[in-house]
Amino acid sequence: MPLIPLDPSGITAEWLSEVLNADVRACKVEQIAIGVGLLGRLFRVHLQGGPDLPATVIVKLPTLDATAR
């Protein structure tokens, strides 16, 4: 099972291919939320790849606050 990245730089096409079990050739990550009533950070990831791939997915990463984890 792939590890969940602690940093958005770990959200790569290779990682997404593994977790989605799909052909992800490229991705663009944009942060969409932090500190808005949730523990964690949300990112919209725009995907490029196989024909069955959605245009975007949402990735939630752990909070940067280690005591809250």
Side-chain angles (χ1 to χ4, degrees):
M1 173 168 249
L3 295 176
I4 297 172
L6 293 177
D7 184 276
S9 66
I11 303 172
T12 63
E14 295 78 18
W15 181 78
L16 289 161
S17 290
E18 188 172 355
V19 297
L20 297 174
N21 194 30
D23 179 21
V24 180
R25 296 183 199 126
C27 65
K28 179 183 149 216
V29 179
E30 66 174 311
Q31 188 163 358
I32 58 173
I34 188 169
V36 289
L38 48 103
L39 288 176
R41 298 168 291 157
L42 294 178
F43 298 87
R44 177 175 292 114
V45 183
H46 301 267
L47 305 174
Q48 294 178 1
D52 295 331
L53 204 59
T56 63
V57 294
I58 300 297
V59 176
K60 181 179 180 185
L61 296 184
T63 179
L64 295 173
D65 182 356
T67 59
R69 280 189 247 145

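Predicted model, so just to flag it, every value in this text is computed and none were measured.
For the residue pair Leu3 and Trp15, the shortest heavy atom distance occurs at O-NE1, 2.8 Å. Residues Ala13 and Cys27 share a closest heavy-atom pair of N-SG, 3.7 Å. In terms of heavy-atom proximity, Pro8 sits nearest to Arg41 at CD-NH1, 3.9 Å. The shortest non-hydrogen separation linking Asp23 to Ser17 is C-OG, 4.2 Å.
Counting non-hydrogen atoms of other residues, nucleotides and ligands closer than 6.0 Å to CG of Asp7 gives a total above 12.
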Query raised in the report: Could you walk me through whether Leu6 and Leu61 pass the side chain to side chain contact (heavy atoms under 4.5 Å, CB included) check?
Result: CA-CA 6 Å; Leu6 293 177; Leu61 296 184; over 6 Å; no

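Leu42 and Val57 fall into different hydrophobic clusters, where Ile, Leu, Val, Met, Phe, Trp and Tyr residues are linked whenever their side-chain heavy atoms come under 4.5 Å apart, directly or through other members.
Side-chain N or O atoms of Arg44 include none that pairs as donor or acceptor with a backbone N or O of Gln31 at under 3.5 Å.
At least one side-chain heavy atom of Ile32 sits under 4.5 Å from a side-chain heavy atom of Ile58.
The distance from atom CD1 of Ile11 to atom CG of Leu16, rounded to the nearest 0.5 Å, is 7.0 Å.
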